[in-house]
Amino acid sequence: MSAAGGPESFTPDGGGIGARADGTTAVGGEHPGTGGRTPEVGAAVAGVDRAGDQDVDRAGDRAGDRAGDRAGDRAGDRAEVAGEPVHPEPAAPPPRWSRTWWAGTVPVPSGRLAGLLAVAALAALVLPPLAAVALASVLLVAGAVDAWLAPAPWRVGVARELPPVLPLGRTGELAWQLHNPQGRPLTAGVTDELAPSLGAGARRVRARLPAHARTRATSTLSPTRRGTFTPEGVTVRVAGPAGLATRQARRALPGRIEVHPSFRSRDAAELRIRRARILEEGLRSVRGRGGGTEFEMLREYVEGDEFRHLDWAATARRGTPIVRTFRAERNQTVLVLLDTGRTTAGLVDDVPRLDHAMDATLALATVATHLGDRTGLLGFGAGVHTLVPPRRDSGQPRRLAGAMHTLEPELSEAGYRAAFASTLARFRRRALLVILTELAPGAVDETLLPALPLLTREHAVVVAAVRDPALTDLRDRVPESVEDAYAAAAASEVLAGRARVATRLRAAGVRVVDAAPGELAARLCDTYLDVKVRGGW
C-alpha cells in the first residue's frame with residue numbers, strides 16, 4: 001500500500017463494516033449478474049427455433065451477435081466505464097439528528113489524547129487532587145475543541161477504483177483517492193468494506209493532505225473465490241489539527257467487481273493454437289491426408305494419397321493423377337454443456353470440480369474460436385439456467401467466463417434429460433456437444449446414460465470429467481498398515497467404477513475424456529482436434 005504523505009494504518013471505531021459477495025447461481029435469470037442475459041438469449045433462441053435447418057446457422061449467428069453484444073459484452077462495457085478517471089467528491093450532508101449525523105458529530109478520542117490522559121492520571125500521584133482534575137479537564141476540553149475544528153467526514157472527497165473484472169488467481173489493483181477541499185491541511189483516512197475472499201492487501205489508508213490537495217493510495221487484490229462482489233461503502237475518519245480527537249462516519253460508495261474463473265490451462269491452449277497454425281501452413285496437415293469434408297484444392301498425386309480422392313476428370317485432362325484435397329470444416333458449432341449438479345461440488349486438488357470444468361471450457365473455446373468454429377455454453381443443474389449463444393470471434397472466451405463466474409454447485413441432481421431436450425430444441429444442425437460432468441456410477445447409470453440417445457442421434461458427443469489424482473496415489477502406494485490396505489482397495493474400486501462407466505459411455509457412441517486436473521483441458525482440446533482431423537462432426 002502506498003500513498004502520498006506517508007499513510008498510516010488505523011482501525012475505525014463504529015459498526016457497519018461488512019462485506020457482501022454475490023456468487024450464487026440463479027435459475028431463470030433471477031441473479032443480478034446474469035438476469036439481463038437470459039431474456040435476450042431466449043428471444044434469440046426462439047428465432048432460431050422457427051428457422052429452417054439451413055437458416056438456423058445464419059439466424060443463430062445474427063442472434064448470437066446481437067445477444068452477445070448486449071449480454072456477453074456487458075463486462076467489457078463495465079470495464080470501459082470503470083476505466084474512466086474517478087474524481088473524489090464530498091458527500092451530501094446527512095439529515096440532522098440521524099445516526100450518520102451523530103456518528104460524524106460526536107468526537108472520538110485519539111490514541112494521543114488517551115496517552116495524555118494516562119500521563120495526567122500518573123501525575124495525580126504527585127500533584128494535588130484539584131490540580132490533577134484541572135489537568136484532565138483541560139485535556140478533555142482541548143480534545144473537544146480539536147474535534148470541533150476537524151471538518152465533517154462527509155466534506156472530504158473520497159473515491160474508490162476497482163478493476164471491473166479480475167480472473168481468479170490473478171492480482172489486481174485497488175485504489176482510493178482522497179481530496180481535501182479546505183484551505184488548511186488535514187489528516188484523513190478510509191476503511192473499506194471489502195469481502196475477505198477478495199484478498200485485499202490492506203483495507204485501510206491514512207494520509208496527511210495539504211490544503212486543496214489530493215492523494216491516491218493503492219493496495220492489491222488477490223481473490224480466492226469467484227462471483228460478483230459489490231462493496232457498498234467506506235468509513236471516513238478525519239483527525240483534528242492537534243490530533244487529539246477524530247470524527248468519523250460511514251459513506252455510501254457503491255462498487256462492483258466480477259471475479260471470473262481461473263484460466264490455468266491458457267498455455268496449453270495457446271500451444272495447440274500454435275501447432276494448428278503450423279499445420280495449416282503445410283508443415284504438417286491437421287486435416288490429415290484426405291481428411292476433412294470441405295474441398296480445398298487439386299494437386300498432383302503423391303505416394304500415400306488415397307485412391308478414393310482421385311479426381312478422374314482432372315486426371316484425364318492433365319494426363320497425370322490428380323487428387324482432391326480437403327480441409328477441416330470451419331464455422332462448425334461446439335457447445336459445452338456444463339453440469340452444476342451436486343457431484344461437481346467435490347474438491348480435487350482443493351479446487352471444486354466445477355472450477356476444473358470451467359478451466360477446460362475456456363481452453364476449448366480459445367482453441368475452437370481460433371480455428372474458426374463457433375463455441376457456446378449451456379449451464380444446467382436441475383434445470384437450464386445459463387445460455388451463451390455460439391460465436392466464433394476472439395471475444396467469446398471472455399463472454400463464457402462472464403457467464404460462468406456466478407455459477408455454483410447446486411444441492412440437486414443434474415437434470416440431463418431436460419438439458420438435452422433444451423439443447424435439441426435450440427440447436428438442430430449437427431454440432432459437437434461437450435458434456436462436462438462427473439463420472440459417478442450412480443448418476444451416470446440412472447440419469448445420464450438413459451438420456452444420451454437424445455443427443456447421439458443428432459450430434460457428436462464428448463463426455464469429460466476430472467479424475468482425482470489422490471485416488472491413483474492411494475491405489476499405487478505400497479501399504480504400510482491395515483488402514484493403508486483398506487484405503488488402497490477403496491481407491492482401486494472407485495477407479496474401476498469410473499473405468500466401467502467410461503466403457504459404457506463409449507459403447508453408447510460417446511467419446512470420453514477422464515483426466516487429472518492438470519491434463520483435463522489439454523486432453524479435451526486434443527479430442528476436439530482429433531475430431532476435426534477425422535472430418536469434423
Side-chain angles (χ1 to χ4, degrees), residues 167-170 222-226 260-272 336-367 401 404 407-410 414 434-445 448 462-506 510-530:
L168 197 64
R170 297 288 186 89
S222 301
T224 58
R225 175 189 171 191
R226 290 181 292 103
H260 284 190
S262 174
F263 190 5
R264 297 179 296 276
S265 300
R266 184 186 300 273
D267 292 342
E270 292 178 351
L271 175 62
R272 280 148 183 82
V336 177
L337 279 69
L338 185 62
D339 176 11
T340 62
R342 65 172 185 84
T343 58
T344 63
L347 299 181
V348 178
D349 284 355
D350 296 326
V351 176
R353 294 181 183 273
L354 180 58
D355 286 54
H356 290 299
M358 292 179 179
D359 175 58
T361 299
L362 295 176
L364 178 61
T366 301
V367 175
M404 293 188 298
L407 298 181
E408 295 293 345
E410 302 177 9
V434 179
I435 306 171
L436 284 161
T437 185
E438 167 57 7
L439 299 182
V444 171
D445 292 339
L448 178 56
V462 176
V463 174
V466 60
R467 184 178 65 248
D468 193 346
L471 295 174
T472 305
D473 294 341
L474 286 175
R475 182 194 61 186
D476 298 339
R477 184 184 306 167
V478 177
E480 297 181 356
S481 63
V482 175
E483 289 78 7
D484 291 344
Y486 279 120
S492 179
E493 177 60 26
V494 172
L495 292 175
R498 294 180 71 91
R500 290 192 294 269
V501 167
T503 300
R504 289 194 288 272
L505 288 173
R506 293 188 179 99
V510 173
R511 293 176 176 86
V512 179
V513 177
D514 186 21
E519 304 172 0
L520 176 62
R523 290 270 302 277
L524 183 58
C525 292
D526 289 339
T527 301
Y528 157 77
L529 292 174
D530 182 64

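One is the number of the first residue; the rest follow in order along the sequence. Heavy atoms only: backbone and side chains are in, while hydrogens, waters and symmetry mates are out.
- Applying side-chain contact (heavy atoms from CB on, under 4.5 Å) to F263 and the options D359, L168, T361 leaves one that passes, D359.
- Smallest separation of non-hydrogen atoms from P167 and P261: CB-O, 4.2 Å.
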Chi angles and distances behind the side-chain contact (heavy atoms from CB on, under 4.5 Å) call for T437, V444:
CA-CA 9 Å; T437 185; V444 171; 5.9 Å; no
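- In this structure, R264 CZ and H356 NE2 are separated by 5.5 Å, a value rounded to the nearest 0.5 Å.
- Checking side-chain atoms of R226 against main-chain N and O of L407 turns up a donor-acceptor pair under 3.5 Å.
- Side chain of D355 to backbone of V351: no donor-acceptor contact under 3.5 angstrom is found.
- For the atom pair OG1 (T340) and CG (L436), the distance works out to 12.0 Å, reported to the nearest 0.5 Å.
- To the nearest 0.5 Å, the span separating CG on L354 from OG1 on T343 amounts to 10.0 Å.
- Applying the side chain to side chain donor-acceptor pair (under 3.5 Å) rule to pairs touching residues 466-475 yields nothing, sequence neighbours excluded.
- Partners of D267 by side chain to side chain donor-acceptor pair (under 3.5 Å), not counting sequence neighbours: none found.
- The minimum heavy-atom distance between P479 and A485, with the atom names listed, is CB-N, 3.8 Å.
- The salt bridge (Lys or Arg N to Asp or Glu O under 4.0 Å) pairs that include a residue from residues 341-350 are R342-E413, where partners are two or more places apart or lie in different chains.
- With sequence neighbours excluded, the residues satisfying side-chain contact (heavy atoms from CB on, under 4.5 Å) with V494 are L471.
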Report all side-chain donor-acceptor pairs from residues 511-525 shorter than 3.5 Å, counting only partners two or more places apart or in another chain.
unit_1 : atom_1 : unit_2 : atom_2 : d
D514   : OD1    : R498   : NH2    : 2.8
D514   : OD2    : R498   : NE     : 3.2

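- With sequence neighbours excluded, the residues forming a side-chain contact (heavy atoms from CB on, under 4.5 Å) with R504 are D445, L449, R500, V501, listed by chain and number.
- Residue S262 comes nearest to L362 through the heavy atom pair O-CD1, 4.2 Å, listed as atom of the first residue, atom of the second, then distance.
- Interatomic distance, CD of E270 versus OG1 of T366, reported as 8.0 Å (0.5 Å rounding).
- To the nearest 0.5 Å, atom CD of residue E438 and atom CZ of residue R353 are 3.5 Å apart.
- Contact between P223 and R170 at its shortest, heavy atoms only, is CD-O, 3.6 Å.
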